[in-house]
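All heavy atoms count here, side chains included; hydrogens, waters and symmetry mates do not.
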Amino acid sequence: MRSLDSDRNFMAVAIAEARAGLDHEDVPIGCVVARGGEVLAAAGNEREAAQDPTAHAEILALRAAARAVGSWRLEGCTVYVTLEPCAMCAGALVLARVDRLVIGAMDPKAGAVGSLYDIARDDRLNHQIEVVTGVRADECGALLREFFAAKR
């Protein structure tokens, strides 16, 4: 049984990854892939650093986790992300066969796991993901608000 404490602890790691993105002026979003209480991979956004439109935290963490386990199938894994995934990332989570997704803040403008779309739980697809929202949402949201306020 997963506990809220465990989810909060893994989300803290994702928040740390998000903060690291501030060093290269990337939108502070962090992601952790865990299995069996162990972190397999963690990443933050690197779109600005890599000049790569696909270098979202989720994509980078999924790639690293797949390398760590030697398979693109990430069954048994839980993904922790500070902001609700976009359509690209939600699709990648489904394709990776992730079991569970824990989200910090929701994204009403671009979120694809409940806000605009619900790709992760769409029963027309060949895989659905258990979704938990609102874990450390205040911290995750504050980090993003501070980042964008400083940009203005």
Side-chain angles (χ1 to χ4, degrees), residues 1-107 110-137 139-140 143-144 147:
M1 177 82 185
R2 295 169 187 97
S3 73
L4 180 57
D5 286 341
S6 176
D7 286 348
R8 290 181 55 77
N9 292 339
F10 282 117
M11 188 62 75
V13 177
I15 291 169
E17 290 292 329
R19 286 189 199 287
L22 295 172
D23 294 340
H24 42 81
E25 298 188 23
D26 264 298
V27 177
I29 299 170
C31 182
V32 169
V33 180
R35 179 161 49 187
E38 173 188 355
V39 172
L40 296 176
N45 268 358
E46 292 187 12
R47 291 185 310 168
E48 295 298 331
Q51 290 300 300
D52 178 352
T54 68
H56 289 205
E58 300 95 322
I59 300 298
L60 298 174
L62 288 173
R63 288 176 181 161
R67 283 191 301 273
V69 301
S71 175
W72 62 267
R73 288 181 180 89
L74 296 176
E75 296 157 332
C77 290
T78 297
V79 171
Y80 298 85
V81 65
T82 58
L83 184 67
E84 177 185 3
C86 69
M88 174 182 70
C89 293
L93 293 164
V94 169
L95 293 173
R97 310 297 195 271
V98 168
D99 285 0
R100 189 166 176 262
L101 172 63
V102 179
I103 300 169
M106 297 302 283
D107 185 357
V113 184
S115 290
L116 298 178
Y117 310 99
D118 201 350
I119 293 170
R121 294 177 282 204
D122 190 327
D123 62 7
R124 295 172 296 176
L125 299 174
N126 64 335
H127 179 75
Q128 291 79 44
I129 301 170
E130 175 189 344
V131 177
V132 176
T133 61
V135 175
R136 297 185 98 124
E139 293 170 74
C140 295
L143 187 57
L144 289 160
F147 173 79

Take atom OH of Y117 as the centre, draw a 6.0 Å sphere, and report whether it contains more than 12 heavy atoms from other residues, nucleotides or ligands. no
So which atom in V102 and which in T78 form the shortest heavy-atom distance, rounded to 0.1 Å? CG2-CG2, 3.8 Å
Separation of C77 SG from I129 CD1 (nearest 0.5 Å): 11.0 Å
Keeping the roles fixed (side chain from N45, backbone from D26), state whether a donor-acceptor pair exists under 3.5 Å. no
To the nearest 0.5 Å, what is the distance between CG (L74) and CG (L93)? 9.0 Å
Criterion side-chain contact (heavy atoms from CB on, under 4.5 Å) on L83 and C140, from CA distance to verdict: CA-CA 7 Å; L83 184 67; C140 295; over 6 Å; no
To the nearest 0.5 angstrom, please state how far the CG atom of D52 sits from the CD1 atom of I59. 10.0 Å
So, does E75 use its side chain to make a donor-acceptor pair with the main chain of R97 at under 3.5 Å? no
Grab the two heavy atoms, one from M11 and one from G104, that are nearest each other, plus how far apart they are. CE-N, 3.4 Å
With rounding to the nearest 0.5 Å, note down the distance linking CG in L144 to CD in E139. 12.5 Å
So, taking the atom named CZ in R136 and the one named CZ in R8, what distance separates them when rounded to the nearest 0.5 Å? 4.5 Å
Whether E84 side chain and V113 backbone form a donor-acceptor pair below 3.5 Å: yes
If you compare all heavy atoms of E25 against all heavy atoms of E48, which two are closest, and at what distance to 0.1 Å? O-CG, 3.6 Å
Between R100 and E130, is the salt bridge (Lys or Arg N to Asp or Glu O under 4.0 Å) condition met? List the steps. CA-CA 5 Å; R100 189 166 176 262; E130 175 189 344; 3.5 Å; yes
If you look at every heavy atom in G30 and E17, which pair is closest and at what distance? CA-CB, 4.0 Å
Please report the closest heavy-atom contact between A34 and Y80, naming both atoms and the distance. CB-CE1, 4.1 Å
Backbone of V98 reached by a side-chain donor or acceptor of H127 within 3.5 Å: yes
Is the backbone of D5 close enough, under 3.5 Å, to the side chain of N9 for a donor and an acceptor to pair up by distance? yes
Where is the tightest heavy-atom contact between A18 and L143, given as atom of each residue plus distance? CB-CD2, 3.6 Å
Measure the CG-SG distance between L62 and C89 for me, rounded to the nearest 0.5 Å. 8.0 Å
